[in-house]
Amino acid sequence: MKPEFVIRPYSKTEIALLYTNKTMTPERAKRWLSHEIEVYPGLKERLKELGYKPKQRIFTIAQMRAIIECIGEP
């Protein structure tokens, strides 16, 4: 049984690795997540509305909710 996903602040690396099931290196997983943010319709704009900056290291709870609404839970 998969444990319930908890919405909280996550580092880019931490959440990227959760989405990729730790099958990628941390750098590759972060690139994957950045790509998903770019291509998923409306996600990049929604994150910007929530204060997201590409260089930030931690996603806020609100930003995590937006990611999950678009991509789904890891």
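In this structure, NZ in Lys30 is found 8.0 Å from CZ in Arg57, a value given to the nearest 0.5 Å. Of the inter-residue distances, the one linking Ile67 atom CD1 with Leu43 atom CG reads 6.0 Å to the nearest 0.5 angstrom. Distance check: Arg31 CZ to Glu27 CD gives 6.5 Å after rounding to the nearest 0.5 Å. Remark: Thr20 OG1 to Ile15 CD1 distance equals 10.0 Å, nearest 0.5 Å. We find the CG-CD distance between Leu47 and Gln56 to be 8.5 Å, quoted to the nearest 0.5 Å. Taken to the nearest 0.5 Å, the CE atom of Met64 stands 8.5 Å off from the CZ atom of Arg8.
In summary, of the residues considered (Tyr52, Tyr19, Tyr10), a ring-ring contact (aromatic ring centres under 6.0 Å, His included) with Phe59 occurs for Tyr52 alone.
Between Gln63 and Leu50, the closest heavy-atom pair is NE2-O, 3.3 Å. Looking at every heavy atom in both residues, Ala29 comes nearest to Ala16 through O-CB, 3.3 Å. Between Pro9 and Ile58, the shortest heavy-atom distance links the atoms CB-CG2, 3.9 Å. The two residues Pro74 and Phe5 have their closest heavy-atom pair at CG-CE1, 3.4 Å.
Here the side chain of Lys12 pairs no donor or acceptor atom with the backbone of Ser34 at under 3.5 angstrom.
The shortest side-chain heavy-atom distance between Leu33 and Thr13 does not fall under the 4.5 Å cut-off. Counting heavy atoms from C-beta outward, Thr23 and Leu17 have side chains that stay 4.5 Å or more apart.
We find that Arg46 and Glu49 are joined by a salt bridge, their nearest charged nitrogen and carboxylate oxygen being less than 4.0 Å apart.
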